[in-house]
Amino acid sequence: MIVVYGAGGIGCYVGGRLAAGGAPVTFVGRQRMADEVAEHGLRLTDYLGADLRVDPVRFETTPAAAAEADLVLVTVKSAATAGAADELAEILRPGAVVVSFQNGVRNGEVLRSRLTEQVVVTGMVPFNVLNRGAGVFHQGTEGALDIQRDAAMTPYLDAFERAGLPLTQHDDILPVQWSKLLLNLNNPINALSNLPLRDELSQRDYRRCLAAAQAEALELLHAVGIRPAQLLAVPMHRFPAVLRLPDFLFRRLASKVLAVDPLARTSMWEDLEAGRPTEIDYLNGEVVRLASSLGRGAPVNSRLADLIREAGTDRRAWSGPELWHTLRLAM
Ligand SMILES: NC(=O)c1ccc[n+]([C@@H]2O[C@H](COP(=O)([O-])OP(=O)(O)OC[C@H]3O[C@@H](n4cnc5c(N)ncnc54)[C@H](OP(=O)(O)O)[C@@H]3O)[C@@H](O)[C@H]2O)c1
């Protein structure tokens with residue numbers, strides 16, 4: 001049995017696709033999500049026009065539902081990983097396989113330190129999923145699921161294949177995770193802009209902020225010998241230069257980046273709106289942590305992290321020129 005632990009956007013979509021492909025899936029999540037799915041069922045759509053329904057859906061709200069799991073997909077936000085791991089440690093059988101399908105670079109480690117009798121494998125979800133309400137989960141962008149190569153996953157490769165979500169296996173997942181993290185450095189910028197992603201990324205000053213955050217991280221990664229994997233058409237180390245291009249050139253050269261749903265925003269924006277903790281400590285905060293491990297600073301990422309923390313209590317929209325000015329003062 002496959003259990004999705006923390007059934008929200010990613011969990012309902014990935015687990016739903018697995019269930020639609022014929023795999024036995026149990027979802028474990030919050031009551032409000034259980035109610036939504038009980039009322040409307042689960043419907044999965046994607047940017048290519050797929051439209052699948054999952055019926056019936058086994059959705060539970062207590063950790064005990066994961067007791068019989070052979071494979072657990074952990075899809076809680078990073079701040080909830082330790083708590084989820086402690087709950088799972090109480091009930092999972094030894095040898096069960098636990099996959100982190102989360103952003104950031106340390107969730108695998110957190111799970112491994114608490115689930116010492118299970119096999120923990122680190123994965124990465126490259127695409128965006130939006131809960132459109134009424135049980136509809138939409139994959140808005142392309143990309144295949146990535147995972148650390150591990151023999152423990154062999155029995156499940158077919159299920160992911162049948163779900164239309166084949167796993168790309170990597171001998172070293174860390175460079176893949178860091179690449180995703182470099183892209184996620186836009187999350188606070190998007191949240192502070194209070195704009196949909198497409199509108200934000202269309203403006204050069206916001207892109208300058210992202211370029212500065214990425215350039216700072218790239219320099220640190222270079223210092224510790226991590227070479228980010230190439231996730232998009234442009235190698236990661238060239239990304240800041242592309243972001244700094246004038247708007248008309250960026251629109252022409254990076255049309256794919258702007259080809260997102262016109263209403264799509266980052267989950268950090270959603271978290272701020274809902275008054276929930278954000279993943280800032282696991283994204284920009286991770287860059288700051290890397291810098292301090294080298295006895296250095298990461299002023300751009302540090303400032304962005306501070307602004308998000310302040311936005312938790314004092315929300316305002318930052319224009320591109322304002323945000324860029326503030327970050328330049330920090331450099
Ligand atoms: N959404 C995307 O497009 C996307 C894309 C790629 C990667 N990711 C990454 O995937 C991860 C999950 O993101 P998401 O957007 O799917 O988050 P999400 O929608 O917030 O889903 C997580 C769900 O898990 C619940 N949860 C937390 N702790 C739990 C526990 N102990 N037991 C049961 N349920 C629990 C949460 O409830 P509460 O809110 O009540 O805690 C929430 O409903 C994050 O690391 C994110 O960065 C997201």
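Whatever order the structure lists ligands and atoms in, that order sets their numbers, starting from 1. Quick note: residue numbers are just sequence positions, from 1.
Of all protein heavy atoms, the one closest to atom 48 (C) of ligand 1 is Ile10 CG1, 3.4 Å. Closest to atom 19 (O) of ligand 1 among all protein heavy atoms lies Gly9 N, 3.0 Å. Given atom 21 (O) of ligand 1, the protein heavy atom at minimum distance is Gly8 CA, 3.2 Å. Nearest protein heavy-atom contact of atom 23 (C) of ligand 1 is Gly6 O, 3.6 Å. Protein heavy atom in closest approach to atom 12 (C) of ligand 1: Thr75 O, 3.2 Å.
For the pair Glu322 and Arg316, the salt-bridge criterion is met [side-chain N within less than 4.0 Å of a carboxylate O]. Under a 4.0 Å N-O distance rule, the pair Arg207/Asp247 qualifies as a salt bridge. Using a cut-off of 4.0 Å between Lys/Arg side-chain N and Asp/Glu carboxylate O, Asp271 and Lys77 are scored as salt-bridged. Under the 4.0 Å criterion applied to side-chain N and carboxylate O atoms, Glu286 and Arg289 are assigned as salt-bridge partners.
Heavy-atom contacts of Asn128 reach the following atoms of ligand 1: 3 (O) (cutoff under 4.0 Å). Within ligand 1, the atoms closer than 4.0 Å to a non-hydrogen atom of Phe127 are 5 (C), 6 (C), numbered from 1 in the order shown. Short contacts between ligand 1 and Lys77, defined as distances under 4.0 Å to a heavy atom of the residue, involve ligand atoms 13 (O), 15 (O), 17 (O), 20 (O).
With sequence neighbours left out, Arg149 forms a salt bridge (charged side-chain N to carboxylate O under 4.0 Å, His left out) with Asp171.
Remark: the Asn186 side chain and the Glu200 side chain contain an N/O donor-acceptor pair separated by less than 3.5 Å. Looking only at atom types and distance, the side chain of Asp199 has no donor-acceptor partner in the side chain of Gln203 under 3.5 Å away. For the residue pair Gln177/Thr122, the side-chain donor-acceptor check at 3.5 Å is not satisfied. Side-chain contact check for Gln102 and Ser78: no donor-acceptor pair (N or O, by modelled atom type) lies under 3.5 Å.
Nearest residue to atom 9 (C) of ligand 1 from Thr61, Asn103, Asn184 is Asn103 (criterion: closest heavy atom). For atom 31 (N) of ligand 1, the candidate residues are Arg32, Glu87, Arg276; the nearest heavy-atom contact is made by Glu87. The closest heavy-atom contact to atom 11 (C) of ligand 1, among the options Val76, Leu183, Leu283, comes from Val76.
The residue Ser267 has no part lying near ligand 1, judged by heavy-atom distances below 4.0 Å. Within the 4.0 Å heavy-atom criterion, the part of Phe101 lying near ligand 1 is the backbone and not the side chain.
By the 4.0 Å heavy-atom criterion, Tyr5 is counted among the residues contacting ligand 1.
Using a 4.5 Å cut-off between side-chain heavy atoms of Ile, Leu, Val, Met, Phe, Trp and Tyr, with links allowed through other members, Leu290 and Val288 fall into different hydrophobic clusters.
Residue contacts with ligand 1: Lys180 is placed with no nitrogen or oxygen under 3.5 Å of a nitrogen or oxygen of the ligand (distance criterion only). Geometrically, ligand 1 and Glu279 share a nitrogen or oxygen pair separated by less than 3.5 Å. Looking at Val28 next to ligand 1, no N or O pair under 3.5 Å apart turns up. Residue contacts with ligand 1: Val129 is placed with a nitrogen or oxygen under 3.5 Å of a nitrogen or oxygen of the ligand (distance criterion only). For ligand 1, none of its N or O atoms has an N or O atom of Gly29 under 3.5 Å away. Here's the thing with Arg30: one of its N/O atoms is less than 3.5 angstrom from an N/O atom of ligand 1.
Checked against the 6.0 Å centroid threshold, Phe127 and Tyr47 do not count as a close aromatic pair.
Using cut-offs of 30° and 60° for the angle between ring planes, the Phe59 and Phe27 rings count as parallel.
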